[in-house]
There are 2 protein chains.
Amino acid sequence: MNSLNAIRLFTASVDAGSFSEVGRRLGMAPSSVSRQVAALEDSVGAQLIHRTTRKLSLTEAGRLYFERVSRILAALDEATAAVSHLEESPRGVLHVNGPTAFGVRHVAPALPDFLARYPEVRIELTLTDNFVDLLEVGADVAVRVGELEDSSLIARRLAPNRRVLCASPGYLAKAGAPERPQDLADHNCLVYTRHHGNVNWNLGGPDGLAEVRVGGNLRTNNTEAVHAAALGGLGIALLPSWLVGQEVQSGRLAEVLPGYRAAPGALDTGIHALYPADRHLSTKVRAFVDFMVERFGPRPYWEDPPQDGADASPMG
Amino acid sequence: MNSLNAIRLFTASVDAGSFSEVGRRLGMAPSSVSRQVAALEDSVGAQLIHRTTRKLSLTEAGRLYFERVSRILAALDEATAAVSHLEESPRGVLHVNGPTAFGVRHVAPALPDFLARYPEVRIELTLTDNFVDLLEVGADVAVRVGELEDSSLIARRLAPNRRVLCASPGYLAKAGAPERPQDLADHNCLVYTRHHGNVNWNLGGPDGLAEVRVGGNLRTNNTEAVHAAALGGLGIALLPSWLVGQEVQSGRLAEVLPGYRAAPGALDTGIHALYPADRHLSTKVRAFVDFMVERFGPRPYWEDPPQDGADASPMG
DNA sequence: ATGATATTTGCAAATAAAGCAAAGATGAGC
DNA sequence: GCTCATCTTTGCTTTATTTGCAAATATCAT
């Protein structure tokens with residue numbers, strides 16, 4: 001196998017006109033240059049350079065090889081430079097994958113700022129609700145809400161994933177506001193569930209953990225449907241803060257049992273960015289993840305303003 | 001320095017879709033493939049391939065690199081093949097250098113046959129009478145008559161370089177034919193010399209070596225002038241057999257003192273082909289030299305037909 | 001002729017690459 | 001859900017390649 005180094009030394013020798021000169025320029029022994037070129041000649045099976053102790057001159061084969069190989073080396077350096085250039089600063093196409101609801105509400109709105117900061121990046125955003133293999137779909141980074149499947153991917157936490165009990169002010173005015181978890185049993189609770197069977201909400205508060213069997217006239221496997229029903233005044237819902245936080249802040253929804261918190265389950269492990277555990281993390285992915293971490297901060301904009309103990313889980 | 005091998009393994013991995021498969025195809029350990037590709041990634045500073053244990057997938061940088069580098073590798077192989085092709089059989093331009101007189105009489109007439117046998121060769125024939133540096137003038141092979149300068153070139157003997165005494169039949173009819181070397185002193189001898197001063201001809205015969213001081217009404221540093229004068233009947237000349245052999249055979253000139261031979265001097269070491277002592281002798285040069293050796297044979301066509309002792313130097 | 005500098009080669013040291021084995025990861029099939 | 005086969009990677013050792021130095025030889029300028 002003829003080595004790239006030998007070819008580089010060959011062209012350098014042609015340029016310099018002397019193996020010793022090449023050695024001097026490249027800081028290596030002239031004998032090494034001589035041997036590499038000789039090895040190259042052996043590998044192509046032809047004399048490339050006529051040598052005397054005073055000067056080198058190309059053979060016909062050498063001239064032919066030099067002309068072609070010079071351009072090839074330049075092209076190779078260019079290709080390497082192009083790839084290195086890609087990593088100098090965030091640039092190129094960034095494939096982002098995420099769940100539809102969160103993506104629409106919190107990823108897409110962030111993109112204009114991100115693209116303004118990194119004008120050489122182009123984003124391809126794929127929103128899917130079934131978990132997909134990052135590499136399969138060709139994504140560089142994925143945003144995942146809750147339940148991190150075991151994988152070799154690196155997960156960077158972007159935000160907590162708190163769930164809040166809430167209902168529309170209209171519903172509460174009509175049905176009254178529960179005062180203790182047990183009161184939920186007498187309310188129309190809008191249940192998000194993926195399976196049949198009973199549903200319990202686990203609520204932690206000053207008096208410990210309370211588990212309440214809840215139900216009502218709407219069960220659905222779609223969070224957005226629960227959300228819409230709650231906004232419509234149908235009943236009390238347990239929904240992620242990223243979905244209802246801003247509506248609670250604006251008063252379109254009111255928090256129920258504000259002194260209690262839903263016990264963190266598998267769905268509550270947080271909101272993460274996932275990306276391959278490569279040795280060379282691309283700058284565009286790093287930039288994106290850093291940007292999202294910075295944008296959401298320790299307390300995302302959809303959460304209440306800080307209050308005592310609001311961030312610590314009452315469940316310990 | 002990123003090695004060519006690593007790049008080849010990278011593209012092979014992309015093609016095969018697996019480091020192990022590459023290892024199987026190329027008969028090497030998968031760990032080696034993995035390490036080479038990883039080293040390549042380090043050298044270009046970017047992840048090229050996302051890996052899981054089950055499949056490989058290209059990063060954007062990898063796709064970019066693969067596309068460019070595939071073409072480059074193909075071009076490199078092509079360049080190598082082109083050079084190797086040059087050496088498969090005699091082909092390309094062959095620069096031949098030689099002295100004018102001999103070249104015109106015995107090299108140029110040989111070329112049609114040579115080119116007919118090797119139709120892919122093109123010849124550039126440079127005839128010069130001053131000795132030139134082969135490499136300086138870009139010649140692949142030189143034909144030299146006599147006096148081999150000390151050099152690193154390889155000399156292959158093509159033919160002997162005998163000198164013969166001759167004169168036109170007309171001159172001999174008029175002035176008589178000498179019978180012993182001493183008789184030459186009374187003849188008009190046509191002297192080829194490069195310097196001023198006396199000229200002696202050394203002749204060996206049955207009665208040993210005889211040195212005769214010769215002279216006449218023509219001294220010149222040009223062999224062809226001597227030749228022309230001899231043909232014109234001016235006198236007796238000492239000329240190389242390659243120049244007058246065929247004329248002696250045809251009777252246009254007659255050999256003088258045929259029992260004697262000119263003592264070999266520096267000019268008589270023979271006729272040689274010279275070419276660089278490269279480790280890889282190009283096939284076109286080898287073909288040319290072989291062709292000329294074969295064409296001239298042990299007894300060139302310009303020499304007399306074999307006769308007893310005619311080929312052995314009487315000088316021992 | 002002599003000196004400075006060139007290529008090349010032998011030899012020993014340094015560097016790089018290879019294989020092997022083991023560990024961790026992943027998907028297929030039962 | 002579990003086991004198995006296969007994949008990538010890493011540590012370690014062995015092997016192969018490359019390097020530099022010194023010496024031999026060659027060439028040109030002075």
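Note that this is a predicted model, so its numbers are computed, not measured. A, B, ... follow the sequence lines: proteins, then strands. Residue 1 opens every chain.
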- Task: Look only at the side chain of A:T59 and the backbone of A:L48, and say whether a donor-acceptor pair between them is shorter than 3.5 Å.
- Result: yes
- Interatomic distance where CZ belongs to A:R8 and P belongs to D:dT18 [whole Å]: 16 Å
- Does the side chain of A:R51 get closer than 4.0 angstrom to OP1 or OP2 of C:dA6 through an N or O atom? no
- Over how many whole Å does the gap from A:L26 atom CG to D:dT18 atom P extend? 16 Å
- Item | Whole-Å gap separating P (D:dT18) and CG (B:L4) | 13 Å
- Message: Side-chain N or O of A:Q36 versus OP1/OP2 of D:dT17: is the shortest distance under 4.0 Å?
- Response: no
- Query: Toward the 5' end of DNA chain D, which comes first, A:T52 or A:V33, by nearest nucleotide?
  - Reply: A:V33
- Expressed in angstrom and rounded to an integer, what is the separation of B:D42 atom CG from D:dT10 atom P? 10 Å
- Query: For the side chain of A:S84 and the backbone of A:T80, is there at least one donor-acceptor N/O pair under 3.5 Å apart?
  - Reply: yes
- Counting just side-chain N and O atoms, does A:S34 come under 4.0 Å of either OP1 or OP2 of C:dT8? yes
- Query: With the threshold set at 4.0 Å, does a side-chain nitrogen-carboxylate oxygen contact exist between A:E67 and A:R71?
  - Reply: no
- Quick one: on DNA chain D, does B:D133 or B:G17 contact a more 5' nucleotide (nearest heavy atom)? B:G17
- Task: Determine whether more than 12 heavy atoms belonging to other residues, nucleotides or ligands lie under 6.0 Å from atom CZ of A:R213.
- Result: no
- Task: Figure out the CZ/P separation between B:F19 and C:dA25, and round it to whole Å.
- Result: 18 Å
Strictly under 3.5 Å: I want the nitrogen or oxygen pairs between protein and nucleotides 20-23 of chain D, one per line.
residue: D:dG20; atom: OP2; partner: A:A29; partner atom: N; Å: 2.7
residue: D:dG20; atom: OP2; partner: A:S32; partner atom: OG; Å: 3.0
residue: D:dG20; atom: O6; partner: A:R35; partner atom: NH2; Å: 2.8
residue: D:dC21; atom: N4; partner: A:S31; partner atom: OG; Å: 3.0

- Which residue lies more 5' along DNA chain C, comparing A:S18 with A:L153 via nearest heavy atoms: A:S18
- Message: Determine whether the aromatic ring centres of residues B:Y65 and B:F10 are separated by less than 6.0 angstrom.
- Response: yes
- Query: Below 3.5 Å, does any donor atom in the side chain of A:R54 face an acceptor in the base of C:dT7, or the other way round?
  - Reply: no
- note: B:L9, atom CG; D:dT8, atom P; distance rounded to Å ~ 13 Å
- D:dT6 P sits how many Å from B:L56 CG, rounded? 17 Å
- Task: To the nearest Å, give me how far apart NZ (B:K55) and P (C:dA28) are.
- Result: 8 Å
- Message: Could you check whether any side-chain heavy atom of A:D140 comes within less than 4.5 Å of a side-chain heavy atom of A:Y275, counting everything from C-beta outward?
- Response: no
- Can a side chain N or O of A:N5 be found less than 4.0 Å away from OP1 or OP2 on C:dA16? no
- Task: Classify the nucleic acid contact of A:R279 as base, sugar-phosphate or nothing, counting any heavy atom under 4.0 Å across all strands shown.
- Result: nothing
- Message: Once salt bridge (charged side-chain N to carboxylate O under 4.0 Å, His left out) is applied, what residue pairs with a partner in residues 274-287 of chain A remain, sequence neighbours excluded?
- Response: A:R279-B:E41, A:R279-B:D42, A:K284-B:E60
